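This report concerns only the one structure given below.
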Amino acid sequence: IIFNLNFIEVNITPLMNLKSIIFIVVVFCSGCSTRNLVYFSDLSGDETYNLTIDNKTDPKIQSDDLLKITVSSLNPESNVLFNLGVLNTSGNNNSTMSVNSLNEGYMVDKNGNVNFPVLGLVHLAGLEKEEAVEKMTAAIENYVKEPIVNIRFLNFKVTVIGEVNHPSTFNVATERINILEALGLAGDMTQFGKRENVLIIREKDGVRSGTRLNLNDKEILNSPFFYLQQNDVIYVEPDRIKAVQASTNTRNITIMTMVASVLVAVIFNYQNIFR
């Protein structure tokens, strides 16, 4: 290709020599990488995968948990007493009973105790829900015959953030959720989410820990982190391409790359351009 400008012939064909082409290809492909967007990609389509569930763990009560604790028995007055009720007596000797709302629940304090009517402080931290029911039942039996105690978490929640379509904090009414269900609530990962590097942040017994999971690997189904605990945070990390796109310096980097490409091409072909 030859241009004639002001009677000066400039031959730019040498600009497209092998060195220039290789350099440009390397620059524009340096950020490219192969992504695996398939969950459990090591599980073949014709393979039947059977796994005994032994990694399910029931949540344990912790400080700052909010518990709904209800008591029922054959004695109506005792029911009102243990359920934050108020006994009202009118002047004609007729008694009426009403039960206050338990929506506020019982907050587990920093020492792991709840302040329960009649019983006072009861230590529940570190117990699974069934264990807490047994402990509360044994204590209430000193006052009521054959009480029935029910305990529920009012603030069992998980948070999903990062490269998902709908990051948010989700309340879990069933008190049981796994990582796939949590990602489903968040609208699943975007195409930029690293399925091989999902971070779970968990607080337990005053210790905050982080664990990374590879959702391309079927062995995650047997991980102790497959089932989530209350207040777990799931962070989906973006891949390098998204990180570059989100950078405030992306435009400058692009311009600098183009300028560098031109300069290198000019240097490689200096003699051919200005001969």
Side-chain angles (χ1 to χ4, degrees), residues 31 33-43 49 51-67 107-112 124-129 131-132 153-248:
S33 60
T34 302
R35 296 294 319 286
N36 185 355
L37 302 181
V38 180
Y39 294 111
F40 316 119
S41 56
D42 59 342
L43 183 62
Y49 188 72
L51 178 67
T52 301
I53 299 177
D54 55 6
N55 58 339
K56 180 181 178 299
T57 57
D58 293 324
K60 292 186 177 182
I61 298 172
Q62 305 176 29
S63 296
D64 299 326
D65 278 342
L66 192 62
L67 304 177
M107 177 69 70
V108 182
D109 64 24
K110 64 180 180 181
N111 297 316
L124 297 181
L127 300 179
E128 295 180 359
K129 188 170 64 175
E131 296 172 335
F153 290 92
L154 291 179
N155 63 339
F156 192 108
K157 64 183 185 298
V158 296
T159 300
V160 187
I161 58 175
E163 279 302 314
V164 293
N165 287 295
H166 306 294
S168 185
T169 296
F170 304 96
N171 291 317
V172 183
T174 61
E175 303 171 7
R176 176 182 177 180
I177 187 171
N178 61 50
I179 187 171
L180 299 179
E181 292 170 331
L183 290 173
L185 291 174
D188 202 3
M189 296 188 201
T190 69
Q191 61 180 330
F192 299 106
K194 281 189 175 182
R195 286 151 178 80
E196 69 279 7
N197 194 24
V198 178
L199 176 65
I200 294 183
I201 302 173
R202 175 172 296 175
E203 294 185 13
K204 184 178 180 180
D205 299 328
V207 178
R208 183 179 294 110
S209 61
T211 301
R212 295 187 180 273
L213 304 179
N214 181 3
L215 296 186
N216 293 139
D217 188 352
K218 64 184 179 183
E219 291 303 319
I220 188 61
L221 297 173
N222 201 31
S223 168
F225 285 86
F226 180 72
Y227 288 100
L228 303 176
Q229 300 292 317
Q230 69 267 41
N231 305 316
D232 278 357
V233 177
I234 299 94
Y235 170 62
V236 179
E237 182 180 348
D239 64 11
R240 185 172 59 176
I241 296 176
K242 180 61 178 292
V244 171
Q245 289 181 352
S247 173
T248 55

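These numbers come from a predicted model, not from an experiment.
- Across every non-hydrogen atom of Ser223 and Leu213, the tightest pair is OG-CD2, 4.0 Å.
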Apply side-chain contact (heavy atoms from CB on, under 4.5 Å) to Leu180 and Phe226, showing your working.
-> CA-CA 8 Å; Leu180 299 179; Phe226 180 72; 4.0 Å; yes

For Leu185 and Ile177, run side-chain contact (heavy atoms from CB on, under 4.5 Å): C-alpha distance rounded to whole Å, both residues' side-chain angles, the deciding distance at 0.1 Å, then the answer.
-> CA-CA 10 Å; Leu185 291 174; Ile177 187 171; 3.8 Å; yes

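- Residues Leu124 and Leu67 form a side-chain contact, since some pair of their non-hydrogen atoms from C-beta on lies under 4.5 Å apart.
- With sequence neighbours left out, the side-chain hydrogen bond (donor to acceptor under 3.5 Å, both in side chains) criterion links Gln62 to no other residue.
- The minimum heavy-atom distance between Asp109 and Asn111, with the atom names listed, is OD1-N, 2.9 Å.
- Remark: Lys60 engages no residue in a side-chain hydrogen bond (donor to acceptor under 3.5 Å, both in side chains) (not counting sequence neighbours).
- A search for side chain to side chain contact (heavy atoms under 4.5 Å, CB included) contacts involving Asn165 returns Thr190, not counting sequence neighbours.
- For Ser209, the side chain to side chain contact (heavy atoms under 4.5 Å, CB included) partners are Arg202, not counting sequence neighbours.
- Between Val160 and Phe170 the shortest side-chain heavy-atom distance falls below 4.5 Å.
- Put simply, the side chain of Leu228 reaches to within 4.5 Å of the side chain of Ile234, judged on heavy atoms.
- Atom-to-atom distance recorded for Tyr235:OH and Ile161:CD1 is 7.0 Å, nearest 0.5 angstrom.
- Between atom CD1 of residue Ile200 and atom CZ of residue Phe225 there is a gap of 7.0 Å, rounded to the nearest 0.5 Å.
- Within the model, atoms CG of Asn214 and CD of Glu219 stand 11.0 Å from one another, a figure rounded to the nearest 0.5 Å.
- Formation of a donor-acceptor pair under 3.5 Å by the Gln230 side chain with backbone atoms of Pro59 is not found in this model.
- Shortest non-hydrogen contact noted between Lys194 and Val236 is N-CG1, 4.1 Å.
- The salt bridge (Lys or Arg N to Asp or Glu O under 4.0 Å) test applied to Asp58 returns Lys56, not counting sequence neighbours.
- Summarising the geometry of Asn155 relative to Asp64, their closest heavy-atom pair is ND2-O, 3.3 Å, with the distance given to 0.1 Å.
- Under the salt bridge (Lys or Arg N to Asp or Glu O under 4.0 Å) criterion, Glu181 pairs with no residue at all, not counting sequence neighbours.
- Considering every non-hydrogen atom in both Phe153 and Asp65, the closest pair reads CE2-OD2, 3.4 Å.
- Remark: the Asn197 side chain and the Arg212 side chain contain an N/O donor-acceptor pair separated by less than 3.5 Å.
- Residues meeting the side-chain hydrogen bond (donor to acceptor under 3.5 Å, both in side chains) test with Asp188, sequence neighbours left out: Tyr39.
- With sequence neighbours excluded, the residues satisfying side chain to side chain contact (heavy atoms under 4.5 Å, CB included) with Thr169 are Lys157, Thr159.
- Taking Glu131 as the reference, nothing meets the side-chain hydrogen bond (donor to acceptor under 3.5 Å, both in side chains) condition, with sequence neighbours excluded.
- Residues that satisfy the side chain to side chain contact (heavy atoms under 4.5 Å, CB included) test with Ala125, not counting sequence neighbours, are His123.
- Atom CD of residue Glu196 and atom CG of residue Asp217 lie 11.5 Å apart, to the nearest 0.5 angstrom.
- Between Met189 and Arg195, the shortest heavy-atom contact is SD-CG, 3.4 Å.
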